[in-house]
Trainee: 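Have a look at the structure that comes next, please.
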Amino acid sequence: MLDPRLLAERRDEVAESCRRRRVRADLDGAIAAYEAVARLRGAVDEANRLRNEHQKSGNRKLEAAEREAHVAAGRRLKEAVAAREAELAEAETRLAAAAAELPNFIHPDVPDGGEDDARELRRHGEPPRFDFAPLDHLALGEKLDLIDFESGTRVAGPKFYYLKNEAVLLELALVRLAVEMIRREGFTLYATPDLAKPDVVAGLGFNPRGEETQIYSIANADLCLVGTAEITLGGLFADRVLDEAELPIRLGGLSHCFRTEAGSYGRESRGLYRVHQFTKVEMFAVTRPEDSEAMHAELLALEERYFQALELPYRVLDIAAADLGAPAFRKFDIEAWMLSRGEAGGYGEVTSTSNCTDYQARRLGARFRRSGAKRTEHVHMLNGTAVAVSRALVALLENHQRADGSVAIPKALQAWCGFDRIAPK
RNA sequence: GGAGAGGUGGCCGAGUGGCUUAAGGCACAGGUUUGCUAAACCUGCAUACGGGAAACCGUAUCGAGGGUUCGAAUCCCUCCCUCUCCGCCA
């Protein structure tokens, strides 16, 4: 959510953000709604003031006739307050609806365009050159008895899967490597709830309901399955006022992630790349406004370090405006090389880190107080993937396969999984 | 799941319709005084929104939301949460 007080003042910037993100929103409606809310709030305050004044004047012995007149006047004042309040509530509803449509501001360096217009910042490593016929992760998963998609579909539906044998240990090792890396960097570790209340989900900028939603809802409870621990980690700060000295805060969250993938059927529909459930270690940071850009660079550096440790070739993208989503001010993705992308291999997203500035914090009510200051300010919130296990597995299996049908395990992972290769049975 | 007890300011806690702009205490901050492993006293001390250069003023907030009333922390309804006991359970 944007600060409604800034809408009129920074109208051009907001309109530009909507245009570049290809979001249609009624900006002028939001501005008008805010002005109505401000005006009506004043009217309610004034009506209440008159009512309170009248009440105080009645705090004494009154003659019967006098009391009767007092009560009648009080009744009229009460009705006046109720009328103003109804108008205010209506205006607030309009403002909330209009403001919810408006996306965050955009960092000046963010490229224009959509999915295909990201700016490639750098590449690391070379895609492997195989002197044999390489297999994609589906074939490897079946041959090495690591992944069972068929049973996943039978038991839970399409895009669910079972990990088996070494793949289970690989999941634990990937998680453990990520957790150890960020713990050393001062991140406090959390294993989070996998469900959250809809208003927390919405507070982080996700849409918990509706046709397009990526979020599962629970049928017999007012709860959603989280799409990322960003939701539950961000929720920790809802309605909190932090001391400046506590910042920055770095959290690491281990959770399962659930996504409906509505509208994406038929797109990369086979394999682990796009699935309904996966395990993820998420980094989350809370900073002062002036520190969020440096923190964003720090999160990206950690993501790169992790994929370097896995000895995987990757590239770093500065995501274009229309692909940012509403909360992100700027977003960097890491794409690892995968055999199963495109005709003969390509880069596929494995991590994503966003600086959401104060967009989520405002809706959540996450604030801090500068030392000595009386007023509070909203914090900045950032998130980044340490590891999303399903996609890391795709890259790992496809990049590290050998001519003999085995898959080599990178050194950094061996200590945590206990083997250095996965051989055909 | 059943029964009971509760939710008041940073914390403890008083408060069963108007004298509460929420008593008192603790903690915290500033000051005064005496003095020395500190105490006493005085003053201040919530958040949000609006107005004001500021002092300050107005409004809202006693778990949340509705209701009764001229007037609600206080009465009524719904919901949420916490604690105790019982049942079930990894």
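A, B, ... follow the sequence lines: proteins, then strands. Residue 1 opens every chain. Computed from a prediction, not measured in an experiment: that's the story for all the values here.
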Trainee: Suppose you measure atom P in B:G10 against the same atom in B:A23; what distance do you get, rounded to whole Å?
Mentor: 14 Å
Trainee: Mind checking the P distance from B:U59 to B:U68? Whole angstroms is fine.
Mentor: 23 Å
Trainee: Within this structure, what is the CD-to-C1' distance between A:Glu246 and B:G10, rounded to whole angstrom?
Mentor: 13 Å
Trainee: Taking only Lys NZ, Arg NE, NH1 and NH2, and the carboxylate oxygens of Asp or Glu, determine whether A:Glu166 and A:Lys425 approach each other closer than 4.0 Å.
Mentor: yes
Trainee: Closest heavy-atom contact between A:Asn104 and A:Cys356?
Mentor: ND2-O, 3.2 Å
Trainee: Does B:U59 have OP1 or OP2 under 4.0 Å away from a side-chain N or O of A:Arg49?
Mentor: no
Trainee: Taking atom C1' in both B:C11 and B:A60, compute the distance separating them and give it to the nearest angstrom.
Mentor: 24 Å
Trainee: Do any side-chain nitrogens or oxygens of A:Asn52 fall under 4.0 Å of OP1 or OP2 in B:G58?
Mentor: no
Trainee: Need to verify one output field. Residue with the more 5' nearest nucleotide on RNA chain B, A:Arg369 or A:Leu50?
Mentor: A:Arg369
Trainee: State the pairing partner of B:G6; accept Watson-Crick or G-U wobble contacts with both distances under 3.5 Å, and report none otherwise.
Mentor: B:C81
Trainee: Show me the protein contacts with nucleotides 49-55 of chain B, counting only N or O atoms at under 3.5 Å.
Mentor:
| residue | atom | partner | partner atom | Å |
| --- | --- | --- | --- | --- |
| B:C49 | OP2 | A:Arg375 | NH2 | 3.2 |

Trainee: Establish, with yes or no, whether the OP1 or OP2 oxygen of B:A48 is under 4.0 angstrom from a side-chain nitrogen or oxygen of A:Thr376.
Mentor: yes
Trainee: Write down the distance separating the C1' atoms in B:C80 and B:C12, rounded off to the nearest Å.
Mentor: 24 Å
Trainee: It should be established whether A:Asn48 places a side-chain nitrogen or oxygen under 4.0 Å from OP1 or OP2 of nucleotide B:A60.
Mentor: yes
Trainee: Say whether A:Ser17 and A:Arg21, considering side chains only, have a donor N or O and an acceptor N or O under 3.5 Å apart.
Mentor: yes
Trainee: Please give the distance between the C1' atoms of B:G30 and B:A48 as a whole number of Å.
Mentor: 26 Å
Trainee: Examine B:A48: is either OP1 or OP2 under 4.0 Å from a nitrogen or oxygen in the side chain of A:Arg367? Give yes or no.
Mentor: yes
Trainee: Using the salt bridge (Lys or Arg N to Asp or Glu O under 4.0 Å) criterion, which residues pair with A:Glu398? Sequence neighbours excluded.
Mentor: none
Trainee: Please determine whether the number of non-hydrogen atoms from other residues, nucleotides or ligands lying under 6.0 Å from atom CD of A:Glu150 exceeds 12.
Mentor: no
Trainee: Heavy-atom count check: over 12 atoms from other residues, nucleotides or ligands less than 6.0 Å from A:Gln308 CD?
Mentor: yes
Trainee: Contact class for A:Arg39 (heavy atom, under 4.0 Å): base, sugar-phosphate, or nothing?
Mentor: nothing
Trainee: Taking the C1' atom in each of B:A73 and B:U20, what is the distance between them to the nearest angstrom?
Mentor: 10 Å
Trainee: Quick check on RNA chain B: between A:Gly74 and A:Val241, whose nearest nucleotide comes earlier from the 5' end?
Mentor: A:Val241
Trainee: Decide if atom CD of A:Gln414 counts as having more than 12 heavy atoms of other residues, nucleotides or ligands within a radius under 6.0 Å.
Mentor: yes
Trainee: Mind checking the P distance from B:G13 to B:G87? Whole angstroms is fine.
Mentor: 30 Å
Trainee: Measure the acute angle between the ring planes of A:Tyr161 and A:Phe149, then classify it against the limits of 30° and 60° as parallel, tilted or perpendicular.
Mentor: tilted
Trainee: Going by number, which of residues 94-102 of chain A have a non-hydrogen atom under 4.0 Å from RNA chain B?
Mentor: none
Trainee: Rounding to an integer number of angstrom, what distance separates B:G7 and B:C62 when you compare their C1' atoms?
Mentor: 10 Å
Trainee: Once you apply the 3.5 Å cut-off to both distances, tell me the Watson-Crick or G-U wobble partner of B:A29, or none.
Mentor: B:U43
Trainee: Applying a 3.5 Å limit to both distances, which nucleotide forms a Watson-Crick or G-U wobble pair with B:A90?
Mentor: none
Trainee: With respect to the phosphate group of B:C70, does any side-chain polar atom (N or O) of A:Arg51 fall under 4.0 Å of OP1 or OP2?
Mentor: no
Trainee: Do A:Leu393 and A:Leu174 come close enough that some side-chain heavy atom pair is under 4.5 Å?
Mentor: yes
Trainee: Does the ring pair (Phe, Tyr, Trp, His ring centres under 6.0 Å) test come out yes or no for A:Phe332 and A:His296, once each step is laid out?
Mentor: CA-CA 9 Å; A:Phe332 300 116; A:His296 200 195; 4.7 Å; yes
